[in-house]
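Accompanying notes for the structure given below.
What you see is a predicted model; the values in this text were computed from it and never measured.
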Amino acid sequence: RLACYDRGVAALDTAQKSNELDVADKAAMKEARKGLFGFSLPSLKIFGDEDLGDLDELETTIAGISSGQRGYVFTLPDGARWMQTDKKYMDKPKVGAKIRIEKAALGSYMASINKKPGFRVERVNTQ
């Protein structure tokens with residue numbers, strides 16, 4: 001059994017050194033899931049079967065703001081961009097303001113800045 005274990009460990013070590021395998025801990029997997037929040041992805045078990053907690057909301061700060069077709073576009077510190085979709089009027093938010101984005105009905109998302117009334121948003125690509 002020890003020889004079998006040694007072969008397995010050697011194969012694992014070789015795969016990791018040749019960049020064919022990446023090992024991530026729970027904290028890294030939670031951070032990756034946080035970065036994917038808002039994207040519609042196929043149901044893959046890329047994070048394993050282990051319960052990492054459902055991510056139904058995201059609380060962070062605004063790193064950048066620009067104007068979009070239907071309102072503002074918010075850039076978060078991790079580079080994620082969220083676009084306002086409901087043309088709801090609001091005073092221009094400030095960089096550094098707290099933003100909370102949460103799942104809403106039928107796959108939509110609602111955002112709230114500094115605990116003010118919410119507005120609809122959707123995640124957009126970083127390009």
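- Scanning all heavy atoms of the two residues, the minimum distance from Gly71 to Gln84 falls at CA-OE1, 3.3 Å.
- Nearest heavy-atom pair across Ile65 and Pro93 is CD1-O, 2.7 Å.
- A heavy-atom distance below 4.5 Å is found between the side chains of Arg70 and Met83.
- Minimum heavy-atom separation, Ile113 to Ala97: CG2-CB, 3.9 Å.
- Proximity of a side-chain donor or acceptor of Asn114 to a complementary backbone N or O of Lys116 within less than 3.5 Å is not detected.
- At distances below 3.5 Å, not a single donor-acceptor pair connects side-chain atoms of Lys92 with backbone N or O atoms of Tyr72.
- Contact between Val73 and Gly68 at its shortest, heavy atoms only, is CG2-CA, 3.9 Å.
- Annotation for Lys88 and Gly118: closest pair NZ-O, 2.7 Å, computed over non-hydrogen atoms.
- Taking the centre of each ring, Phe74 and Phe119 come in below the 6.0 Å mark.
- Of all heavy-atom pairs between Ala63 and Pro77, the closest is CB-N, 3.7 Å.
- Note: the hydrophobic cluster containing Ile101 does not contain Val95 (ILVMFWY, side chain heavy atoms under 4.5 Å, direct or indirect links).
- With contacts defined as side-chain heavy-atom distances shorter than 4.5 Å, the pair Leu76/Leu58 qualifies.
- Expressed to the nearest 0.5 Å, how far NZ of Lys115 lies from CZ of Arg100 amounts to 9.0 Å.
- Residues Met110 and Arg120 meet the side-chain proximity criterion, which asks for heavy atoms closer than 4.5 Å.
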